[in-house]
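Beneath this line is the structure, given in structure tokens, with notes to follow.
Index from 1, following the sequence.
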Amino acid sequence: KNRAKMEAIDRTEMTVTWLKKHRLIYVGATRHPFILSIRDGSVDISAFKRWLGQDYIFVRAFVPFAASVLLKAWKESDDNSDVDVILGGIAALNDEVEWFKKEATKWSVALNSVVPQKANLDYCRFLESLISPDVDYTQAITAFWAIETVYQQSFAHCLEDGSKIPDELKETCQRWGNASFGQYCHALQGIADRQLKKASDDVLAKAEVNLLRVLEYEVEFWNMSRGEV
């Protein structure tokens with residue numbers, strides 16, 4: 001009886017438990033040398049431009065994934081407000097795609113001639129695999145939360161006291177590091193925790209593997225941005 005009770009307590013904030021458990025790779029994803037170079041102003045602009053072109057391709061692949069999460073929320077969630085939270089995120093993606101186009105013009109990055117690199121293709125393929133009907137809402141929302149949170153935590157770090165972000169990159173850091181995007185990520189985390197709390201052991205295990213894969217892909221994506229293959 002006590003053991004069952006303990007397990008219930010353990011699952012209260014599964015996402016927090018996992019981020020502690022996988023702290024090394026989480027720090028690797030959110031405090032990556034690429035992010036630290038933006039924060040301290042030493043970023044190589046060619047690396048930033050590479051990231052910009054590659055991330056534009058990624059965001060376009062993220063849109064159908066986000067739509068699939070919305071559909072799963074509508075079908076599987078027992079809380080109507082989930083749909084509203086996810087819909088807010090999807091609405092912001094439209095602005096994001098436009099921002100990438102505007103930013104690319106500013107930096108003379110020809111988006112239609114950007115060739116997706118391996119780390120990007122692998123990540124996009126992973127996103128596509130999560131669209132599958134075999135992946136339930138709990139797994140999908142956990143991955144969705146993780147992807148959004150890595151960006152929020154990374155760019156929020158760039159905005160903290162003592163940063164020396166180049167003026168022309170401040171808008172980029174504001175886009176994902178701002179407080180309202182932080183609140184949105186927190187709302188996603190709440191949904192993920194609620195779903196994970198009642199998930200089967202099998203779904204829980206799959207969701208944890210997907211979280212780890214997100215963190216690994218994020219590290220690879222930052223590596224690629226710095227020109228490391």
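Residue pairs that meet the salt bridge (charged side-chain N to carboxylate O under 4.0 Å, His left out) test with at least one member in residues 146-162, sequence neighbours left out, do not exist here. Counting only residues at least two apart or in different chains, salt bridge (charged side-chain N to carboxylate O under 4.0 Å, His left out) contacts with residues 166-179 comprise K102-E171, D167-K170. Applying the salt bridge (charged side-chain N to carboxylate O under 4.0 Å, His left out) test to every pair with at least one member in residues 92-101, sequence neighbours left out, gives these pairs: E98-K101. Screening residues 63-80 for salt bridge (charged side-chain N to carboxylate O under 4.0 Å, His left out) gives D78-R194, D78-K198, D79-R194 as the qualifying pairs, with residues at least two apart or on separate chains.
Partners of E208 under the side-chain contact (heavy atoms from CB on, under 4.5 Å) rule, at least two apart in sequence or in another chain, are W18, K21, H22. Residues satisfying the side-chain contact (heavy atoms from CB on, under 4.5 Å) criterion with T149, sequence neighbours excluded, are Y26, W145, Q153, C185. Annotation: ring-ring contact (aromatic ring centres under 6.0 Å, His included) contacts of Y184 (sequence neighbours excluded): F181. Checked against ring-ring contact (aromatic ring centres under 6.0 Å, His included), F65 has the following partners two or more places apart in sequence or in another chain: F62, F144. In this view, W107 and F48 satisfy the ring-ring contact (aromatic ring centres under 6.0 Å, His included) rule, not counting sequence neighbours. Partners of K206 under the side chain to side chain donor-acceptor pair (under 3.5 Å) rule, at least two apart in sequence or in another chain, are D202. Every residue two or more places apart in sequence or in another chain that forms a side-chain contact (heavy atoms from CB on, under 4.5 Å) with A110 is listed here: N112, S113.
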Using a 3.5 Å cut-off and no angle test, enumerate the donor-acceptor pairs between side-chain atoms of residues 121-130 and protein atoms at least two apart in sequence or in another chain.
unit_1	atom_1	unit_2	atom_2	d
D122	OD1	R125	NH1	3.3
D122	OD2	K118	NZ	2.6
Y123	OH	E218	OE2	2.7
S129	OG	F126	O	2.5

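Atom CZ of R60 sits in a sparse spot, with 12 or fewer heavy atoms from other residues, nucleotides or ligands closer than 6.0 Å.
A donor-acceptor pair shorter than 3.5 Å can be found between the side chains of Q139 and D136.
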